[in-house]
Amino acid sequence: MEYPVLKKFRDKGSGEIYEVGSKYKAEAERAADLQRRGFIGTNDDEKSNKRTARSTSRSTEKNDKGNDEA
């Protein structure tokens, strides 16, 4: 899988340098290590498969200053 590079690093296996914004291909175990250390982000496919919790109790009442609360 490909992961976005968040922090510049040199790959210990190939010696290749990965710049911020580039993509890094890795197996799950290697990716998990680099993610934990902050070098790469999560795979876009992983993000799209996860559901995010949303609050359904948002208020649309006006606050003291007349602005909508969110």
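- Remark: K25 does not engage D11 in a salt bridge, criterion side-chain N to carboxylate O under 4.0 Å.
- Scored by the side-chain hydrogen bond (donor to acceptor under 3.5 Å, both in side chains) test, R36 finds D33 as partners (sequence neighbours excluded).
- The hydrophobic cluster containing V20 does not contain F39, counting ILVMFWY residues as joined when their side-chain heavy atoms lie under 4.5 angstrom apart, directly or transitively.
- Side-chain rings of Y3 and Y24 stay apart, their centers remaining 6.0 Å or farther from each other.
- For the pair R30/Q35, no side-chain contact is recorded, criterion being any heavy-atom separation below 4.5 Å from C-beta on.
- The shortest side-chain heavy-atom distance between V5 and K23 does not fall under the 4.5 Å cut-off.
- In this structure, the side chain of R10 engages the main chain of G15 through a donor-acceptor pair within 3.5 Å.
- Rounded to the nearest 0.5 Å, atoms CD (E2) and CG (N43) are 8.0 Å apart.
- Within the 4.5 Å cutoff, side-chain heavy atoms of F9 are placed close to those of I40.
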